Every structure is written in C-alpha cells, then in structure tokens.
Amino acid sequence: MEKNDADFSLKETLECGQCFRFEKVAENKYTVISGFRVISVEQVDDSIIFSGDDIAFWRSYFDLNRDYSEIKMRLSREDAIMAEAISFAPGIHILNQAFFETLLSFIISQNNNIPRIRGLIHHLSSNYAQEIQKGIFAFPTAGELAGVSEDDFRQLGFGFRARYLVDAIKKVNEGAFDEEVLRDYPTPVLREKLMTICGVGHKVADCVMLFSLGKTDVFPADVWIQRVMNVLYSPNGETADLQAEASRRFGMDAGFAQQYLFHYGRMKKIGKEG
DNA sequence: ATCCAGGATCTCC
DNA sequence: GGAGATCATGGA
C-alpha cells in the first residue's frame with residue numbers, strides 16, 4: 001500500500017530521537033514496532049510503502065494526516081534560525097506513539113544515552129512481552145509487568161530507574177492513567193497528573209504528552225534544547241525562563257519546533273566542545 | 001581512569 | 001524554594 005507525502009521523511013522521523021523501537025533493514029527501509037503491532041515500511045521518493053496490517057493505525061502513528069507545510073511556514077516565516085533547523089531535516093513528523101510504552105521509555109531515558117535506552121527497552125520486551133513475529137517482541141502491557149519487582153528490574157540493568165518503573169506500572173494498573181481520558185485533560189493539569197508518578201518530572205511528562213498524547217504545544221526541555229536555545233537564541237546570556245521563551249516564540253507549534261531544534265542541535269553538536 | 005548520557009529526587013539551607 | 005550531590009550502568 002502506498003501513500004504520497006512530500007513533507008514526510010521516514011528516515012528523519014524515526015532517527016531524530018523521539019522513538020526507540022525501530023530497526024533499519026536497508027536505506028530508507030525500517031521495521032517499526034508499536035505496542036503489539038509491527039510493520040515493515042519503506043520510503044521511495046515521496047511514496048511510503050507499508051507491508052503489514054493496520055495501515056490506518058500506522059498512518060496515524062506516522063502523523064501522515066497532518067499538514068506540516070503550514071506548521072513549517074508559521075515557524076520559519078520570521079525566524080531564520082528555525083528556518084535553518086527545519087531545512088536540516090524538513091521531513092520530521094511528530095509520531096503518535098502508545099501512551100504506556102512512551103511513559104516507560106522516557107522514564108528509562110533519564111540520565112541515559114540513546115543506544116542504552118534502546119537496549120533496556122528491548123530487555124523489557126523480550127523478557128515480559130509476547131513474541132509477535134520471529135525475534136520481534138511487542139511492548140509489554142501494564143498487566144504483563146504487574147508482577148515484576150524492583151529487584152527484577154535492577155537485575156536487568158535498569159539501575160535507579162527500577163523503582164520508578166514499578167511505581168508507574170502500579171499507578172497505570174490502578175486505572176489512574178487511561179489514555180483516552182488523559183487526552184481530554186488540559187496540558188497543565190495533565191502534566192501535574194503525570195508528575196505524580198515517581199520518576200516523572202517536567203521533561204519526561206512533556207515528552208509523554210508530545211509523543212503520545214497529542215499535546216503538540218509542549219516544549220520538552222532537555223540538556224540539548226537548553227544548549228540550543230542558549231547558543232542560537234540567546235547568545236548574550238542564558239534564557240531565564242525557557243518554557244516562556246518557547247511559548248512566546250513558537251506558540252501552539254512549540255512541540256514541532258522542539259523536535260526540529262533538538263535534532264538539528266544534536267547532529268550539529270551545538271553547545272558541545274569539539 | 002574519568003566523564004557523560006533526551007533527569008529526577010533527596011538533602012541540605 | 002533554589003543550589004548541589006547522588007543515583008546504576010556501559011560506552012567513549
């Protein structure tokens with residue numbers, strides 16, 4: 001099945017750091033896992049070729065039903081810095097990932113590096129989830145993880161994040177975090193609710209909201225974004241309030257802006273020595 | 001060996 | 001309420 005989209009790059013979208021569950025099988029060809037689903041997807045020019053089931057789900061996952069040309073126009077119209085960041089990877093889409101999977105993934109991401117995050121998520125999946133294809137595991141459900149202890153997680157290498165996972169799993173299993181209900185919360189209320197989970201601070205909450213709950217106005221501020229904003233937008237001193245600055249500059253498009261800037265800054269090593 | 005990684009929490013004052 | 005230390009682990 002094919003679909004055309006000139007504003008989408010499969011490679012840029014998967015490899016810009018928002019998602020941890022994909023394998024590159026060839027240039028512009030990937031196997032992607034989300035929840036209990038797996039898809040083989042390839043991009044040839046502007047054509048996206050899906051091989052697998054639930055194509056409507058995957059079109060939504062890759063956010064192919066949104067017009068990104070308007071977003072990029074608004075962001076870059078009076079902002080040469082943003083125009084440069086967008087032109088570096090103009091095909092980035094914000095993925096619509098599964099809530100529970102995103103919550104645990106970004107709890108795991110704290111004070112960690114991307115290769116190791118991917119490895120830990122694979123440990124979670126291969127130990128506790130169903131094998132949906134040969135050698136390919138679903139992401140475990142909260143139910144499947146209900147009996148896993150802090151010590152079990154520590155032995156798998158999660159370190160100090162073990163007790164955070166246990167708390168998140170417990171609260172989800174208690175029914176306090178139903179995805180469909182959460183989507184209707186206003187952003188500030190939703191952030192506070194997510195932050196009641198031990199191990200979820202402001203940044204992880206924002207990642208969960210942006211990457212899995214459709215809150216495209218939030219601006220997750222990690223160390224890279226702090227460096228990028230300070231170097232590119234505030235060369236004469238650090239920005240006092242990063243959230244206010246992002247809101248003022250990018251408004252309702254802050255989530256998209258964040259991902260363009262994050263990827264650009266990380267690839268260019270902006271603010272890093274060397 | 002020392003530092004660092006898409007931070008959050010705890011512990012001081 | 002804000003700065004500083006601490007947290008597990010593995011790769012550079």
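These figures come from a predicted structure and were not determined experimentally. By convention in this document, chain letters (A, B, ...) are assigned in the order of the sequence lines, proteins followed by strands, and residues within each chain are numbered from 1.
- For the pair A:R21 and A:F139, the cation does not sit on the ring face, since its NZ or CZ is not both under 6.0 Å from the ring centre and inside 45° of the axis.
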Item to check | A:H93 and A:F8: CA distance, side-chain angles, deciding distance, ring-ring contact (aromatic ring centres under 6.0 Å, His included) verdict | outcome: CA-CA 7 Å; A:H93 277 200; A:F8 175 71; 4.8 Å; yes
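- Note on A:K272: a side-chain N or O is less than 4.0 Å away from OP1 or OP2 of B:dA5.
- Think of the region where chain A sits on DNA chain C: with heavy atoms and a 4.0 Å cut, that region ends 5' and 3' at C:dC7 to C:dG10.
- When only modelled atom types and interatomic distance are considered, A:S109 and A:N112 share no side-chain donor-acceptor pair under 3.5 Å.
- Looking at residues 148-173 of chain A, you'll see A:R154, A:G157, A:G159, A:F160, A:R161 sit with a heavy atom under 4.0 Å from some atom of DNA chain C.
- In this structure, A:K72 is not positioned above the aromatic face of A:F256 in the sense of NZ or CZ being under 6.0 Å from the six-membered ring centre and within 45° of the axis.
- Between the CG atom of A:N112 and the P atom of B:dA8 there is a distance of 13 Å, given to the nearest Å.
- Annotation: of the two residues near DNA chain B, A:H202 and A:N113, the 5′-most nearest-nucleotide partner is A:N113.
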Next on the checklist: Pair A:Y164, A:F158 - check ring-ring contact (aromatic ring centres under 6.0 Å, His included), show working.
Outcome noted: CA-CA 10 Å; A:Y164 301 161; A:F158 288 91; over 10 Å; no
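- The side chain of A:W224 has B:dG6 as its nearest neighbour among B:dT9, B:dG6, B:dA5.
- Rounded to whole Å, atom C1' of B:dA5 lies 12 Å from atom CZ of A:F20.
- No donor-acceptor contact under 3.5 angstrom links the side chains of A:D54 and A:Y61, judged on distance only.
- Side-chain polar atoms of A:D67 and A:S69 form a donor-acceptor pair below 3.5 angstrom.
- Ring geometry, A:Y264 versus A:F88: the interplanar angle exceeds 60°, so the pair is classed perpendicular (tilted spans 30 to 60°).
- Distance CD1 (A:I107) to C1' (B:dG6): 14 Å, rounded to an integer number of Å.
- The residue A:C198 sits close only to the backbone: its heavy atoms come under 4.0 Å of sugar-phosphate atoms, none of a base.
- Remark: nothing in residues 240-268 of chain A comes within less than 4.0 Å of DNA chain C through any heavy atom.
- Rounding to whole angstrom units, CG of residue A:N111 and P of B:dA5 are separated by 8 Å.
- The same atom, P, is picked in B:dT11 and in C:dA8; the two are 13 Å apart, to the nearest Å.
- Ring pair A:W224/A:F262 is perpendicular by interplanar angle, where above 60° counts as perpendicular and below 30° as parallel.
- Here the nucleotide nearest the side chain of A:S109, chosen from B:dC4, B:dT9, B:dG6, is B:dG6.
- Under the Watson-Crick or G-U wobble criterion, with both distances below 3.5 Å, B:dA1 has no partner in any strand shown.
- The CG atom of A:D222 sits 4 Å away from the C1' atom of B:dG6 (whole-angstrom rounding).
- A cation-pi geometry, defined here as NZ or CZ lying under 6.0 Å from the six-membered ring centre and within 45° of its normal, holds between A:R118 and A:F22.
- Under 3.5 Å, the side chains of A:Y30 and A:E15 contain a donor-acceptor pair of N or O atoms.
- Residue contacts for A:P220: at a heavy-atom cut-off of 4.0 Å it reaches a base atom on one of the strands shown.
- Between A:F106 atom CZ and B:dA8 atom P the separation is 12 Å, expressed in whole Å.
- What separates CG of A:L120 from P of B:dA5 is a distance of 17 Å, to the nearest Å.
- Taking CD from A:E179 and OG from A:S212, the interatomic distance works out to 6.0 Å, rounded to the nearest 0.5 Å.
- The nearest whole Å value for the distance from the CG atom in A:L194 to the C1' atom in B:dG7 is 15 Å.
- When the P atom is compared between B:dG6 and C:dA12, the two are found 13 Å apart, to the nearest whole Å.
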